[in-house]
Asker: 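Below: one structure in structure tokens.
We count ligands from 1, going down the list as the structure has it; atoms in each ligand are counted the same way.
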Amino acid sequence: RSVVTAASSSPAVATTATDVPGTMKAWAYEEYGDASVLKLDEAVSVPAVGEDQVLVRVAAAALNPVDSKRRMGKFKATDSPLPTVPGYDMAGVVVKVGSQVKSLKEGDEVYGHISEKVLEGPKQFGSLAEYTAVEEKLVALKPKSIDFAQAAGLPLAIETAHEGLERAGFSAGKSILVLGGAGGVGTLVIQLAKQVYGASKVAATASTPKLELLKSLGADVAIDYTKENFEDMPEKYDVVFDAVGQGEKAVKVVKEGGSVVVLTGAVAPPGFRFVVTSDGSVLAKLNPYLEAGKVKPVVDPKGPFPFSQVVEAFSYLETGRATGKVVISPV
Ligand code: NDP
């Protein structure tokens, strides 16, 4: 077990058996703006490890739309100070543990979403870096059957899918319509609804080339939004999960007494919006399904992007056309 530096803002000191350097490569920005503000910095201080944290050598990271919205300055009022090393999702190896860490040790392969709250005080030093410091409670052991790149794409999206289904009171025998079934969150909502919760019926929307994917993930009905308007169709659902920003249409197809979960954009009653809270115990709970291959990570086939191509990867994510997760690997 390592001796750990407690200060949170001073550079980490390499005091341990595991060889941790004082500086690292990381993507960072000093001002808000489009993807061009991102610069690869070769000498960022390796974050110090708090007593409840582990330091992870990041093997793979993943991008989320919230990284882009944050970088554009949408959450300025509650953001951490600039400069920012972005990134919420990661998978990697524990190289140092804080004095209060109980269940993890050096060498453990972990994955997680590193900021408990994405919008309120997210970490200044995120996952698009060689090392990142994260609270033990926000990570879980990586399922052995998936690799780092696959694992890195899961945390924020699967925690969002899970929290949305829980808040909607989803349970066995209920039906669900997933708006945006082919995206990072949608691919996981379909699978959790079907494989973990035991949905009676899963319907999902996407454009024509992605309908087969929806079916392969467990959707009973794949609706092509370029040809049909879901809100004009007769079927009603117990839950509608909106990962697109169609809250006002979504409420038209929910059954009386049902729930409409909205991740972005306007909401109309009875719809509600929430912001995901990171929780490693959710990952641990879902690990058996991942381990058994009942829930599968979907990594966008244009990736994984190498660490040198984070700007290209963000530009691609920001087209809004990604299939599953945009992953950065190796880091
Ligand atoms: P992605 O970038 O992964 O979503 C891309 C997908 O959206 C594509 O596959 C695309 O499919 C699909 N899509 C776009 N327009 C439509 C449409 N009109 N109908 C159906 N599908 C469509 O995003 P995420 O899944 O990661 O996130 C979705 C949204 O949720 C984002 O706005 C994100 O910020 C938000 N979010 C909010 C969270 C919260 O806590 N509130 C947490 C996580 C995400 P196609 O190419 O076929 O159009």
Asker: Evaluate Glu116 against Lys137 for salt bridge (charged side-chain N to carboxylate O under 4.0 Å, His left out), listing each step before the verdict.
Answerer: CA-CA 9 Å; Glu116 187 164 20; Lys137 67 177 182 179; 3.4 Å; yes

Asker: Could you list the donor-acceptor pairs under 3.5 angstrom formed between side-chain atoms of residues 81-89 and any protein atom two or more places apart in sequence or on another chain?
Answerer:
unit_1 : atom_1 : unit_2 : atom_2 : d
Tyr88  : OH     : Val118 : O      : 2.8
Asp89  : OD1    : Leu156 : N      : 2.9
Asp89  : OD2    : Asn64  : ND2    : 2.9

Asker: Heavy-atom contacts with ligand 1 below 4.0 Å: which residues, ordered by chain and residue number?
Answerer: Pro65, Lys69, Leu156, Thr160, Gly180, Ala182, Gly183, Gly184, Val185, Thr205, Ala206, Ser207, Lys210, Tyr225, Ala243, Val244, Gln246, Leu263, Thr264, Phe274, Val275, Val276, Leu317, Gly320, Arg321, Ala322, Gly324

Asker: If you link I, L, V, M, F, W and Y whenever their side-chain heavy atoms are under 4.5 Å apart, who else ends up in the same group as Val93?
Answerer: Phe148

Asker: Quick one: do Lys25 and Asp41 make a salt bridge, cutoff under 4.0 Å?
Answerer: no

Asker: Cationic tip of Arg70 within the cone over Tyr29's six-membered ring, i.e. under 6.0 Å and within 45° of the normal?
Answerer: no

Asker: Quick one: side chain to side chain contact (heavy atoms under 4.5 Å, CB included) partners of Ala199, sequence neighbours excluded?
Answerer: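 With sequence neighbours excluded, Ala199 shows a side chain to side chain contact (heavy atoms under 4.5 Å, CB included) to Phe170, Ala193, Val202, given in chain and number order.
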
